[in-house]
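Each remark here refers to the structure printed beneath this line.
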Amino acid sequence: MLADLPIRRSTTQTNSAHLAVQAGTSSGRLVHCLNSIQLAAIFFDSGGRVSLCTESAQRLLANLGIARSAAASVLQLLLALRRATAPSRRELFQQLRRAVDEQAHAAFEITFQNQMVRAELHPVEGEGWALTGEDVSARRAAEASAADMARLDPLTGLPNRLLLRERLDQALARLRRGEEACALLLVDLDRFKPVNDTLGHPVGDALLVKVAERLRSTVRPTDTVARIGGDEFVVLQTAIREPADTQALARRLVDLIGRTYMVDGHLLTIGASVGVAFAPADGQDADRLLKNADLALYRAKLDGRGTFRFFEPEMDARMQARRQLELDMRQALARREFQLHYQPQLNLKTNQLTGCEALIRWRHPERGMVSPLDFIPLAEEIGLIVPIGEWVMRQACRDAVSWPAPLSVAVNVSPAQFKSDRLVEMIVSALATSGLPAARLEVEITEGVLLQESEKTLQTLHRLRDLGVRVSMDDFGTGYSSLSYLRSFPFDKIKIDRSFVKDLAVKPDGNAIIRAIAGLGQSLGMTTIAEGVETPEQMERIREEGCTDVQGYLVSRPVPADEIVRLIGSCQ
Ligand SMILES: Nc1nc2c(ncn2[C@@H]2O[C@H](COP(=O)(O)O[C@H]3[C@@H](O)[C@H](n4cnc5c(=O)[nH]c(N)nc54)O[C@@H]3COP(=O)(O)O)[C@@H](O)[C@H]2O)c(=O)[nH]1
């Protein structure tokens, strides 16, 4: 049908909206056709007068408040449109005016009383003009709503990272104009993961929604609360008069999130750690502010969580140092920079060595000897303890197999290693490849291991025990519930923390504690070994209180593998 019409497609534009009109039209058929496809179109002759106006175009003009008579010519129509729309559109109409003067195609949009019309002005070769119009209000509204949705977190309805970023950029622009300071508070939920893991994601999601409501309820309407990750929220506080405003808000956030929640019949308690960065003091661009708030958050977590910290420049330096240590540690395994030292354990009754504890050492080419206290916690935090711990286990088994039986080797196993499903298989493999009997391997764990996923952990411990591996409880007495853990698993050995041995000389009740633990071990059929024994007096008191074994500098400091072989030989 279009072929019948006096319309031809522009050579450069294939879209049907981009039409050029040929001379010599049969206007009756054309109007009929355009009316039936609901196209708003107005044709102007070479004198600029309206020669054809479809029904849709008439309705559109009426909606825009433009009288039909006003549309008598192109210029009159443009003037009427100019009067009908906002001053911000005036520039557009100047462009249109130019298009008319230059006989060029032009496309534009008119917003009028919530209605949006996309219009196109097409020059008709030597004959006049065609103006087409399309109501795009619904399409533009859908696009705007999609754009809004793309800036909101679907679960909580809070702004997401994208919108936060825009608001932060706006706040920083105001700051640059000297208007107001702002602060960024990065909020990370503590103990959220166990809720998700144990009660399932629907409960976790409902909890996040409640957290979002609490956060929203505690800020001013001018502030922004955003959700930027699973359990990560951000508050952008604007118009700050003094840092105390932000301090009060940070305290409120920690307190509010830490209050109990009732979700799906479950009483839940989580916490929040908050890191704060101020603009302009801690950064004037969004990236720096976010980075510095993150550093402050990291500090808050290190300081025990459930608290807030303000960014300090030293945090950056500390983080750089930590990153370098992490990089070095990742290379240390491949570069064979780790070594094992061994510290002997002595039975007080027989005066014979019973075994040795394997203690890792890191000989760094520039740092020198790095203490495990300086790198094991970081290795645990970033998960590197799993490969490092595997190396320790395999090396310890390889070294111990050359010691005379029944001497055993005790290996520290970290909580993070217990999370790995491969732990038991790895130990079986270390024993098999080294040829060390399982009974000569002892696994030392701390309370931290039992604190996590206790059911799974206990299963792992029982599997190890079934293999014949012995299990000892390290640092006994320093945790919160050492006693209760003794009931949950039949340990082979209790290692009394060296702080109690140290207290022997200084605290009047020092020996009472050692006596109590030794008695407990005796009743439960467990070996009790006192750590950190440095003097003959300490050794004597420990023997008197009933401990079975000792370990400490008095017997020997931890020594390299070849030296322990000599030491063992000299004791035989
Ligand atoms: N997961 C792993 N942890 C490990 C491994 N190797 C060591 N560690 C842990 O690092 C902590 C520090 O260890 P280290 O500096 O080796 O200190 C040990 C001994 O040197 C020290 N000790 C022993 N006797 C004495 C003494 O008489 N006085 C004194 N002041 N210190 C002494 O005690 C540490 C042994 O502690 P423990 O493990 O609790 O028996 C330490 O927590 C290690 O556990 C590893 O391979 N994996």
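Throughout, residue positions are numbered sequentially from 1 according to the sequence presented. Order of listing sets the numbers, starting from 1, for every ligand and every atom in it. The figures here come from the full heavy-atom set of this structure, side chains too, leaving out hydrogens, waters and symmetry mates.
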Polar atom proximity, [X] to ligand 1 (N or O, under 3.5 Å):
{"X": "R498", "result": "yes"}
{"X": "D475", "result": "yes"}
{"X": "Y553", "result": "yes"}

Atoms in ligand 1 flagged as close to [X], the criterion being non-hydrogen separation under 4.0 Å:
{"X": "V392", "answer": "46 (O)"}
{"X": "P558", "answer": "20 (O)"}
{"X": "G552", "answer": "24 (N), 27 (O)"}
{"X": "D474", "answer": "37 (P), 38 (O), 39 (O), 40 (O)"}
{"X": "Q343", "answer": "23 (C), 24 (N)"}
{"X": "K495", "answer": "40 (O)"}

So which heavy atom in the protein is nearest [atom], and how far is it from that ligand atom?
{"atom": "atom 3 (N) of ligand 1", "answer": "N412 CB, 3.7 Å"}
{"atom": "atom 38 (O) of ligand 1", "answer": "E357 OE2, 2.8 Å"}
{"atom": "atom 30 (N) of ligand 1", "answer": "E534 OE2, 3.3 Å"}
{"atom": "atom 10 (O) of ligand 1", "answer": "P372 CB, 3.5 Å"}

Within-cutoff protein neighbour (heavy atom, under 4.0 Å) for [atom]:
{"atom": "atom 42 (O) of ligand 1", "value": "no"}
{"atom": "atom 20 (O) of ligand 1", "value": "yes"}
{"atom": "atom 23 (C) of ligand 1", "value": "yes"}

### Message
Quick check on the 6.0 Å ring-centre criterion: do F310 and F278 meet it?
### Response
yes

Tell me the contacting part of [X] for ligand 1: side chain, backbone, both, or neither, using a 4.0 Å heavy-atom threshold, strictly below.
{"X": "I360", "result": "both"}
{"X": "R557", "result": "neither"}
{"X": "H341", "result": "neither"}
{"X": "I388", "result": "neither"}

Any side-chain donor paired with an acceptor under 3.5 Å for [X] and [Y]?
{"X": "D153", "Y": "T156", "result": "yes"}
{"X": "N347", "Y": "T350", "result": "yes"}
{"X": "Q345", "Y": "E357", "result": "no"}
{"X": "S434", "Y": "R394", "result": "no"}

### Message
Minimum heavy-atom separation for G204 and N196, please, with both atom names.
### Response
CA-OD1, 3.5 Å

Pick, from [options], the option with the minimum heavy-atom distance to [atom].
{"atom": "atom 1 (N) of ligand 1", "options": "P377, S472, S414, A530", "answer": "S414"}
{"atom": "atom 11 (C) of ligand 1", "options": "V550, L373, D374, L359", "answer": "L373"}
{"atom": "atom 37 (P) of ligand 1", "options": "E531, E380, M393", "answer": "E531"}

### Query
Testing D188, D190, D303 for side-chain hydrogen bond (donor to acceptor under 3.5 Å, both in side chains) with S273, which one passes?
D190

### Side-chain donor/acceptor of N511 to backbone N/O of L504, under 3.5 Å
no

### Query
So, the side chain of Q538 versus the backbone of E534: is there a donor-acceptor pair under 3.5 Å, distance only?
yes

### Sub-4.5 Å side-chain heavy-atom contact between V409 and Y342
yes

All N/O donor-acceptor pairs, side-chain side in residues 512-529, below 3.5 Å, sequence neighbours left out:
from : atom 1 : to   : atom 2 : distance (Å)
R515 : NE     : E545 : OE1    : 2.7
S523 : OG     : G519 : O      : 2.7
T528 : OG1    : T548 : N      : 3.4

### Nearest-0.5 Å distance, CG of residue L554 to OG of residue S556
10.0 Å

### Query
So, is the end of the R318 side chain (NZ or CZ) under 6.0 Å from the ring centre of Y298 and within 45° of the ring's axis?
no

### Task
Please state whether R361 comes within less than 4.0 angstrom of ligand 1, counting heavy atoms only.
yes

### Message
According to side chain to side chain donor-acceptor pair (under 3.5 Å), who are the partners of T218, at least two apart in sequence or on a separate chain?
### Response
R252

